Amino acid sequence: MQLIPQGKVACYGQIADLAGLPGRARLVGKALGKVPKSGWHGQVVPWFRVINSQGKISFPPGSENFEKQKQQLQDEQVVVLGARIKLKDFQWQPDLSEILFFLEF
DNA sequence: ACCTTGACGGTTC
DNA sequence: GGAACCGCCAAGG
């Protein structure tokens, strides 16, 4: 299973698509909210690398969650101005070779 | 069974 | 960019 690489971000819709649930981005957000800090299956879930399609952090600016997410992203070199992140530079785009490498034939 | 609530998204103006 | 609108759907009241 692959996770979003550090230093990169993905949007809710993108994750929904990868999960075979096109158009159900909200469901992804809701699901992330239920993930314990410790993660599931002994895997830590990098929820902070998921933002909305407008390239913004989806928490009210100034809220505790907002600040925590912003900080963790910045800790891994992702540039965050206000709530905005330049998807053009930081959005995760798995390339073909990477997909083929992880695919079980 | 009905209504509300979301860590959303695409379209349009 | 930004705001209004509408579509989406699982959970919980």
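Computation of the quantities below employed the complete heavy-atom set of this structure, encompassing side-chain atoms and omitting hydrogens, waters and symmetry-equivalent molecules. Since we're looking at a predicted model, the values are computed, not measured. Reminder, nothing fancy here: chain letters follow the sequence lines and each chain counts from 1.
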Do other residues, nucleotides or ligands put more than 12 heavy atoms under 6.0 Å from Gln71(A) CD? no
Could you give the [atom1]-to-[atom2] distance, from [X] to [N], as a whole number of Å?
{"X": "Ile15(A)", "N": "dA7(B)", "atom1": "CD1", "atom2": "P", "answer": "17 Å"}
{"X": "Asn65(A)", "N": "dG6(B)", "atom1": "CG", "atom2": "C1'", "answer": "14 Å"}
{"X": "Lys70(A)", "N": "dA7(B)", "atom1": "NZ", "atom2": "P", "answer": "20 Å"}
{"X": "Asn52(A)", "N": "dG10(B)", "atom1": "CG", "atom2": "C1'", "answer": "13 Å"}
{"X": "Asp17(A)", "N": "dG10(B)", "atom1": "CG", "atom2": "C1'", "answer": "12 Å"}
{"X": "Lys68(A)", "N": "dA7(B)", "atom1": "NZ", "atom2": "P", "answer": "14 Å"}

Hey, any chance Leu3(A) and Leu21(A) share a hydrophobic cluster, counting ILVMFWY side chains that come within less than 4.5 Å of each other, even indirectly? no
Verify same cluster id: Tyr12(A), Leu27(A) (apolar side-chain graph, 4.5 Å): no
Please tell me if Ser53(A) has a side-chain N or O lying less than 4.0 Å from either OP1 or OP2 of dC8(B). no
Return yes if a side-chain donor-acceptor contact under 3.5 Å exists between Asp95(A) and Ser97(A), otherwise no. yes
Distance between C1' atoms of dG6(B) and dC6(C) (Å, rounded): 16 Å
What's the shortest heavy-atom distance between Pro22(A) and Asp17(A), and which atoms? CA-OD1, 3.4 Å
Residues of residues 20-51 of chain A with a heavy atom under 4.0 Å from any atom of DNA chain C, listed by number, are Arg24(A), Arg26(A), Leu27(A), Lys30(A)
Do Glu76(A) and Lys8(A) sit within salt-bridge range, that is, some charged N less than 4.0 Å from a carboxylate O? no
